[in-house]
Amino acid sequence: MAFSESIIIQAWKRSGGRCECMRVNHAHGKVRCERPVKWPNRGIETIGAWEVRSASGNNLDTLEDCQITCWACHIATF
Ligand SMILES: [Zn+2]
Ligand SMILES: [Zn+2]
């Protein structure tokens with residue numbers, strides 16, 4: 001993942017501090033995950049942990065492609 005910090009900050013504001021994952025094969029199913037995550041806990045495996053993910057899989061450095069993802073969804077995604 002090579003998103004720039006400014007893109008990540010914008011994505012974070014859009015997310016409202018909640019996971020944006022919509023993968024249908026995850027436990028949350030066809031709706032947005034919305035698990036709360038905490039800004040300081042990026043990449044740290046603890047409560048409120050999260051990472052960014054490329055929504056398209058192409059690692060585009062765009063706001064549309066930058067998805068805030070909780071840890072459970074992060075580790076469930078390959
Ligand atoms: Zn999630
Ligand atoms: Zn998910």
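Quick note: residue numbers are just sequence positions, from 1. Atoms within a ligand are numbered from 1 in the order they appear, just like the ligands themselves. Values reported hereafter were calculated over all heavy atoms of this structure, with side chains retained and with hydrogens, waters and symmetry mates removed.
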Handout entry: Closest approach to the Zn ion (ligand 2) by His26, given as the N, O or S atom name
Key = ND1

Practice task
In sequence, state the C-alpha distance, the side-chain angles, and the governing distance for Ile47 and Asn41, and then conclude on side-chain contact (heavy atoms from CB on, under 4.5 Å).
Solution key: CA-CA 8 Å; Ile47 294 167; Asn41 293 351; 5.6 Å; no

Practice task
Give, rounded to 10 degrees, the angle between SG (Cys70) and SG (Cys19) as seen from the Zn ion (ligand 1).
Solution key: 110°

Exercise for the section: Rounded to the nearest 10 degrees, what's the angle SG of Cys73 makes with SG of Cys33 at the Zn ion (ligand 1)? Could you check? Expected result: 110°

Exercise for the section: Identify the residue among Met22, Arg23, Glu51, His28 that makes a side-chain contact (heavy atoms from CB on, under 4.5 Å) with Cys73. Expected result: His28

Practice task
Could you tell me whether the side chain of Trp50 and the main chain of Gly43 form a donor-acceptor pair under 3.5 Å?
Solution key: no

Exercise for the section: Have a look at the Zn ion (ligand 2) and estimate, to 10 degrees, the angle subtended by NE2 (His28) and SG (Cys21). Expected result: 100°

Practice task
Mind running side-chain contact (heavy atoms from CB on, under 4.5 Å) on Phe3 and Asp65 for me, showing each step along the way?
Solution key: CA-CA 9 Å; Phe3 292 106; Asp65 201 41; 4.1 Å; yes

